[in-house]
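Below, each value reflects all heavy atoms present in this structure, side chains not excepted, and no hydrogens, waters or symmetry copies. Start at 1 and go down the list; that is how both ligands and their atoms are numbered. Each residue takes its place number in the sequence, starting with 1.
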Amino acid sequence: MDAVDLAAQLRPDFVLGVATSAAQIEGAAAEDGRTPSTWDAFAAVPGNIRDATSPTVAVDAYHHTADDLALMKDLGVNASRFSLSWTRLLPDGRGPVNPKGVTYYDRVIDGLLEAGIRPVVTLFHWDTPAPIEERGGWLRRDTADRFAEFAAAAGEAFGDRVADWITLNEPATVILDGYALGVHAPGRAKLFGAIGAIRNMLRGHGLAVDALRAVPVKGRIGITNVHTPVTPATDSKDDADAADLFDFIHNRLFADSVLFGKAAELPRGSKGIERLGLKFLSRLGRDAAVISRPLDFYGLNYYFPSRVAAGADPSGSTPDGETEAMKDVPFTLAKFPEYPTTGFDWPIAPHALGDTIDMMVNRYGDKLPRILITEGGASFPDVVGADGTVDDSDRIDYLAQHLAVAAARPEVDGYFIWTFLDNWEWAAGFTQRFGLVHVDLDTQARTPKKSFGWVRDLQRARRAARR
Ligand code: FCB
């Protein structure tokens with residue numbers, strides 16, 4: 001879609017931003033007192049990362065702050081969502097604040113403000129301090145207290161300037177991929193035994209909200225989770241029950257706790273699952289009030305819909321890689337042969353973003369605060385052509401279609417493109433390029449892609465319309 005046509009569909013106050021995360025871009029892993037996170041430890045184990053790479057250098061954003069800020073200013077987005085490395089700010093995860101870490105993020109935040117870009121800070125984008133993980137990580141109750149201390153330190157340091165705070169990014173992914181299936185750090189495959197970690201993470205979220213408000217920070221406060229609309233693969237009762245179980249695990253378990261302040265009802269046909277310990281996770285007990293603190297916005301990440309069939313998948317495949325553990329769960333994620341796919345083989349279905357928003361609005365009603373789509377985007381095998389440009393027209397189509405859907409929903413205040421720079425894509429290493437800006441991994445040279453020019457045109461057209 002033409003950028004100018006789309007510009008007319010976005011409300012003047014609709015926030016168009018880009019999103020990144022510390023572990024995926026910063027590098028400078030041992031600089032300035034930063035200590036290892038779970039992802040440094042996970043990447044050091046052979047076989048965990050598809051291309052055997054690590055976050056040690058990533059795309060070296062730490063040493064490219066000024067250049068990257070200049071590019072972002074040229075892009076003309078309204079907001080930049082980035083995360084704070086817990087161990088850069090609090091080495092080993094606790095104790096006194098590292099002044100060099102504060103200096104680095106001051107540079108980023110002040111640079112954004114000078115460029116007229118809203119700083120949106122994620123406190124936890126998956127990089128748990130390694131020593132905290134060694135003591136049990138999110139399976140331990142007091143990790144929530146450590147996280148609240150980190151939130152307080154961040155609030156003290158940056159609370160006068162940050163526009164929006166996001167406590168946790170995608171707790172569902174951390175629990176499911178990191179603790180239940182082991183395809184992400186910390187690489188534990190506890191299946192339904194990962195359930196206790198949910199309550200601890202969500203308690204950490206609530207305590208962090210309290211800590212930020214106690215500072216008090218100026219900005220708004222929310223949480224981000226990833227949601228997916230779930231449909232059964234066939235109209236059989238077994239597939240319907242499997243889809244209901246997946247919807248429970250992926251959507252209701254987290255959002256019901258945070259927005260309703262109560263545990264989600266157990267799914268239909270969950271008898272076998274209860275034996276696996278699922279019942280335990282449905283109790284929030286005395287933490288319910290903390291977990292459901294009122295929020296200023298709800299961050300929703302959307303990438304693709306899910307189609308679920310009953311029965312274990314003999315190939316053990318998940319959207320984030322294959323694993324033995326997946327062979328032991330009683331459902332299979334089926335394909336969507338009718339949709340085109342991204343480089344990650346994720347189905348491209350923009351209408352399903354609309355279904356996700358509707359699902360949230362219908363289920364949570366007036367308990368749902370304003371929505372920000374805090375991530376959406378696509379990886380493609382982008383290459384720099386002979387003429388020095390990167391033609392990623394497929395990404396432009398993806399963004400145009402998804403943005404149009406988001407902007408048409410009155411409940412949605414903004415959309416953050418994942419992502420600004422090609423980056424280190426967790427267990428997929430550098431095999432997936434999601435950026436508006438191409439990064440040469442040998443030289444760290446930045447080349448804006450065609451999609452970068454398209455976003456810039458879109459923003460220029462929006463500004464021109466306001467004059
Ligand atoms: C999301 C993560 C983000 C990135 C995108 C592709 O689940 O929050 O860091 O990996 O997927």
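Between the side chain of Asn200 and the backbone N or O of Trp138 there is at least one donor-acceptor pair closer than 3.5 Å.
For ligand 1, the protein residues placed under 4.0 Å by at least one non-hydrogen atom are Gln24, His125, Trp126, Asn169, Glu170, Tyr303, Glu375, Trp418, Glu425, Trp426, Phe434.
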Under 3.5 Å, which donor-acceptor pairs do the side chains of residues 184-194 form with other protein atoms, sequence neighbours left out?
{"unit_1": "Arg188", "atom_1": "NE", "unit_2": "Glu133", "atom_2": "OE2", "d": "3.3"}
{"unit_1": "Arg188", "atom_1": "NH2", "unit_2": "Glu133", "atom_2": "O", "d": "3.2"}
{"unit_1": "Arg188", "atom_1": "NH2", "unit_2": "Glu133", "atom_2": "OE2", "d": "2.9"}

For residues 68-77, run the donor-acceptor check on the side chains, cut-off 3.5 Å, and write out each pair with its distance to 0.1 Å, sequence neighbours left out.
{"unit_1": "Asp68", "atom_1": "OD1", "unit_2": "Arg446", "atom_2": "NE", "d": "3.0"}
{"unit_1": "Asp68", "atom_1": "OD2", "unit_2": "Arg446", "atom_2": "NH2", "d": "3.0"}
{"unit_1": "Asp74", "atom_1": "OD2", "unit_2": "Arg456", "atom_2": "NH1", "d": "2.9"}

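Looking at Tyr302, Tyr303, Tyr415 one by one, the single match for side-chain hydrogen bond (donor to acceptor under 3.5 Å, both in side chains) with Glu375 turns out to be Tyr303.
Arg88 forms a cation-pi arrangement with Tyr104, by the criterion of a distance under 6.0 Å to the ring centre and an angle within 45° of the ring axis.
Under the side chain to side chain contact (heavy atoms under 4.5 Å, CB included) criterion, Asn78 pairs with Val15, Leu16, Gln459, Arg462, sequence neighbours left out.
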